[in-house]
Amino acid sequence: MSNLKSDFLRILSERGFINDCTDKEGLDEKAATGTIAAYIGFDCTAPSLHVGSLLPIMMLRWLQKSGHKPIVLMGGGTTRVGDPSGKDESRQLLSDEQIAANMAGIKRVFSSYLTFGDGPSDAIMVNNADWLDGLKYIEFLRDYGRHFSVNRMLSFESVEQRLKRQQHLSFLEFNYMILQAYDFLELSRRHDCVLQMGGSDQWGNIVSGVELGRRIDDAHLFGLTSPLLTTASGAKMGKTAGGAVWLNEEKLPAYDFWQYWRNTHDADVGRFLRLFTELPMDEIARLEALEGQELNEAKKILANEVTAMCRGRAAAEAAAATAQKTFEQGQLGEGLPTVEIAANTIREDGLGIVDALVAAGLCASKGEARRLIRGGGARLDDEKIADENMRLQEDLFTAGPVKLSAGKKRHVRLILKD
RNA sequence: GGAGGGAUGCCCGAGUGGCUAAAGGGGACGGGCUGUAAACCCGUUGGCGUUUGCCUACGUUGGUUCGAAUCCAACUCCCUCCA
């Protein structure tokens with residue numbers, strides 16, 4: 001395993017980034033003797049990437065750190081088609097305006113992880129709409145389509161899944177892998193890119209590109225995939241009570257982002273430290289060896305490191321401080337999500353506690369708020385709320401913000417606003 | 001184009017005229033135990049109002065009926081086989 005010569009592959013390997021590689025020795029040789037360019041594609045299906053994309057982003061970061069050139073491919077063109085990999089059903093088609101807006105949001109996050117510029121190992125960002133949008137159908141089919149075997153395509157996991165489960169797969173989506181393969185070819189021609197990386201669900205698409213390069217340009221391209229990340233409990237990474245764990249601040253406050261990592265399962269701590277932080281391996285070994293309650297320290301470090309990289313050191317420290325106040329001292333941390341209550345809604349005869357829970361975003365509906373109270377999960381300044389008809393009065397706020405909680409982990413600061 | 005099968009709540013899936021806001025499971029959320037873990041146990045899981053109430057919901061639109069997720073018709077989409 002560790003007879004790897006290149007820094008790049010050795011780091012990825014020892015940190016657990018590698019699931020599969022089309023030609024590990026060949027790639028190692030190439031990375032050890034020169035500078036290589038590698039790319040990962042990101043489709044613009046949402047206004048922000050979420051933690052699921054953090055793994056590929058970290059791969060690009062290590063690539064750059066070991067002296068190579070990362071290429072971030074924005075899927076402005078492929079998003080118009082829709083990748084069927086790993087999806088049960090066809091995604092709704094996104095409008096071009098949505099795609100453009102999503103791309104703008106996604107682009108922002110990369111500057112936290114990569115250095116962009118014109119130097120040999122500076123990262124660049126390209127958009128596959130640049131070459132996909134202008135393709136001519138018949139020409140494309142004749143030049144490239146003939147290199148694809150439908151028999152083969154049908155056997156790829158992404159396609160086979162759909163067929164086996166009797167789920168609709170449109171011809172549009174069926175073409176996705178061809179376009180992704182073509183992307184690789186274009187990038188190898190334009191930027192001398194020799195490696196495509198991605199999640200293991202991308203294996204089929206990546207291999208298609210490697211083959212296309214060999215058939216048409218006689219190029220020796222490489223593919224490398226990372227393991228599909230699931231948590232120890234088997235769930236796909238990146239979901240939390242509030243929804244997806246977004247990388248962009250405007251989609252998820254730093255405090256919540258930090259909390260996500262703080263709540264990592266015991267069994268995942270070591271793996272996540274290796275994948276999502278840049279702590280030295282021996283330090284990680286020490287941290288993951290901690291047992292019982294002490295392992296919580298490792299989780300805090302994990303949260304701090306990941307948050308610092310994504311949101312900045314200051315944001316990470318603020319989140320850590322808020323968490324400490326809230327959980328370890330039982331106080332009201334300043335960094336908790338803050339919700340303003342308009343003073344005039346409360347002045348007359350107070351604000352119903354049920355409405356307050358909904359307004360605070362802790363419950364999706366009044367019924368849910370009532371159930372929460374009945375189940376004993378709602379608390380006001382750490383006092384269990386027993387009466388679902390209770391009303392918050394104005395004088396409650398004279399001493400300052402009030403803490404409203406749903407369960408042990410979700411807290412909101414309520415403040416009165418004129 | 002022909003023949004047959006199917007569409008149920010976040011997901012899977014039962015239900016073939018009233019007892020159905022709809023079994024069961026998963027997930028999620030809450031409580032207990034803990035370490036802001038895991039496992040386990042318990043509870044909750046359409047909306048609004050709350051003492052029995054109203055509204056929305058079983059692909060879509062109509063119809064039969066006192067009454068439909070359940071029967072009928074048309075339509076949409078998916079699947080299988082045939083051409």
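What you are looking at is a predicted structure, and each value in this text was computed from that prediction instead of being measured. Letters A, B, ... mirror the listed sequences (proteins, then strands); counts begin at 1.
The residue A:Gly376 sits close only to the backbone: its heavy atoms come under 4.0 Å of sugar-phosphate atoms, none of a base. A:Gln259 comes within 4.0 angstrom of a base, heavy atoms only. Among the heavy atoms of the strands lying under 4.0 Å from A:Glu388 is at least one base atom, whether or not backbone atoms are also near. Contacts of A:Lys408 with the nucleic acid, taken as non-hydrogen atoms under 4.0 Å apart, include base atoms. Among the protein residues, A:Thr326 comes within range of no part of the nucleic acid, since none of its heavy atoms lies under 4.0 Å from any strand. If you check every strand for non-hydrogen atoms under 4.0 Å, A:Arg371 touches sugar and phosphate atoms only. If you check every strand for non-hydrogen atoms under 4.0 Å, A:Ala406 touches sugar and phosphate atoms only.
Shortest non-hydrogen contact noted between A:Lys251 and A:Ser48 is CG-CB, 3.9 Å.
Closest to the side chain of A:Arg374, out of B:U36, B:U50, B:G35, is B:U50. Relative to the side chain of A:His265, the nucleotides B:A38, B:G30, B:C48 differ in distance, and B:A38 lies closest.
Scanning atom types as modelled, no donor and acceptor separated by under 3.5 angstrom connect the side chain of A:Arg370 and the base of B:U45.
B:G27 and B:U80: their C1' atoms are spaced 31 Å apart (whole Å). For the C1' atoms, the distance from B:G26 to B:G9 is 14 Å, rounded to whole Å. With C1' as the reference atom, B:A57 and B:G4 are 30 Å apart, rounded to whole Å.
Judged purely by atom type and a 3.5 angstrom limit, A:Asn248 has no side-chain atom pairing as donor or acceptor with the backbone of A:Glu250.
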